[in-house]
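Working notes, beginning with the structure itself.
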Amino acid sequence: MLEEKIPDITKYALVTGASRGIGRGIAECLAKEGFHLYLTCRHSRAQLSDLAKTLSAQYGVSCLPVIADMGDPSDVDRLFQQIPSLDVLVNNAGISYIGLLHEMSVDDWKEVMHTNLDSLFYACRLAIPLMLRNHSGKIINISSVWGNVGASMETAYSASKGGVNSLTRALARELAPSGIQVNAIACGVIDTDMNACFSPEDREALRQEIPADRIGQVSEVAQMVLSLLHAPDYLTGQVIGFDGGWM
Ligand code: NAD
């Protein structure tokens, strides 16, 4: 018999960058677990609204879609004005940039940093006071293996994710006494539109480098997020490699 999961208490989660890809998969997974959701993305209003409606109808949770540039502090302030309570923050919104560093414009550099790293500061500084009220909370940052080892042609991206990893470790220490856990998932290659720029040949070459012999799936990252939510509170400050044994 199928068992329907009903949470014993009301829990609220914010997932940034939820219109597609990994963020969407995480949103679906959390809705299934009974979380009420705040979902953001930068541009795709219709896609995000459709997702919110579908998840509300399917799982009976409330779901608020908000268009917000997470790299813009005033947008993030406006978002949090609509959030009275928060148990889980998933910092997922991110962009990639592929190209030689010396050919990258200052504006492109700033956009990568604003979106991938500054956004965590803007969201965390407003989420933490909400979590402190309950002396509990989980912050999960979606990072990349490149934040640990660095990728050629993705220097800005690697630097931004390296920042995410350091922020994760430092903030975890700061918040552990307050009952809030901070962890990151450093993904390898996951099958999303972010990788649509790769040719079939590039994808095949990547696959051959990965010991698990395949590219990762969005549902697997979502499952990992769920595992972190269910993990003992003693697990904090970790950057968990999630790459099929690649790095
Ligand atoms: P994606 O491009 O499919 O989706 C990105 C999402 O982020 C979209 O919903 C987009 O609207 C949103 N977004 C982008 N900029 C934003 C902004 N300024 N404000 C708000 N939302 C914004 O990407 P994905 O593959 O699902 O990646 C999600 C996260 O996972 C990113 O942080 C990415 O760096 C990380 N990641 C992905 C891979 C991979 O192989 N796909 C690997 C490692 C890490």
Side-chain angles (χ1 to χ4, degrees), residues 14-29 37-52 65-80 89-98 107-108 110-123 140-151 154 156-165 167-168 184-198 202-203 206-207 209-210 212 214-222 224-225 239-244 246-247:
L14 165 61
V15 183
T16 70
S19 63
R20 65 181 205 182
I22 293 171
R24 185 184 174 101
I26 294 168
E28 286 168 352
C29 197
L37 296 175
Y38 299 97
L39 305 177
T40 77
C41 77
R42 190 167 180 183
H43 298 301
S44 311
R45 187 179 296 277
Q47 227 172 325
L48 196 68
S49 297
D50 285 352
L51 176 66
V66 181
I67 295 295
D69 176 356
M70 297 306 296
D72 177 342
S74 55
D75 269 22
V76 180
D77 285 351
R78 190 175 45 78
L79 164 69
F80 271 83
L89 166 63
V90 183
N91 287 307
N92 165 77
I95 52 170
S96 69
Y97 176 94
I98 298 180
D107 282 349
D108 284 341
K110 283 184 180 166
E111 194 175 1
V112 170
M113 290 299 163
H114 286 329
T115 308
N116 294 0
L117 181 57
D118 298 355
S119 60
L120 270 68
F121 165 55
Y122 302 146
I140 299 176
N141 301 322
I142 305 302
S143 190
S144 162
V145 289
W146 297 141
N148 290 329
V149 296
E154 295 192 62
Y157 181 79
S158 302
S160 70
K161 294 297 188 181
V164 168
N165 295 350
L167 183 149
T168 300
I185 301 172
C187 297
V189 191
I190 308 296
D191 193 10
T192 70
D193 289 338
M194 186 176 265
N195 295 322
C197 56
F198 293 128
D202 290 341
R203 284 173 67 92
L206 274 171
R207 185 191 66 73
E209 282 182 27
I210 300 169
R214 64 182 178 83
I215 284 171
Q217 295 302 310
V218 162
S219 59
E220 295 175 294
V221 184
M224 191 62 223
V225 168
V239 177
I240 298 163
F242 198 71
D243 59 9
W246 193 26
M247 294 295 159

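Quick caveat, the model's predicted, so the values are computed rather than measured. Sequence positions, counted from 1, serve as the residue numbers for this chain. Counting starts at 1 for both ligands and their atoms, following the listed order.
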Check this for me - ligand 1, [X], N or O atoms closer than 3.5 angstrom, yes or no?
X	result
N92	yes
C187	no
I95	no
M70	yes
V189	no
R20	yes
S144	no

As a check for students: among N116, D72, L79, T115, identify the option with a heavy atom nearest to atom 16 (C) of ligand 1. T115
Can you figure out which of C41, G94, G21, G71 has its heavy atom closest to atom 5 (C) of ligand 1? G94
Within reach of ligand 1, part of [X] (heavy-atom separation under 4.0 Å):
X	value
A68	backbone
W146	neither
I22	both
A186	neither
N195	side chain
T192	side chain

CG on N92 to CD1 on I185, rounded to 0.5 Å: 9.5 Å
Identify the two heavy atoms, one from [X] and one from [Y], that lie closest to each other, and give their separation to 0.1 Å.
X	Y	value
D108	Y97	OD2-CE1, 3.5 Å
N165	S143	OD1-OG, 2.7 Å
S119	T115	OG-O, 2.6 Å
V189	I215	O-CG2, 3.5 Å

Heavy atom of [X], distance to ligand 1 below 4.0 Å:
X	value
K161	yes
T16	no
S119	no

N/O donor-acceptor pair under 3.5 Å between S19 side chain and L48 backbone: no
Mark yes or no for whether D75, through its side chain, and D69, through its backbone, hold a donor-acceptor pair below 3.5 Å. yes
Against heavy atoms of [X], which atoms of ligand 1 measure under 4.0 Å?
X	value
I142	29 (C), 30 (O), 32 (O), 35 (C)
D69	17 (C), 18 (N), 19 (N)
A18	9 (O)

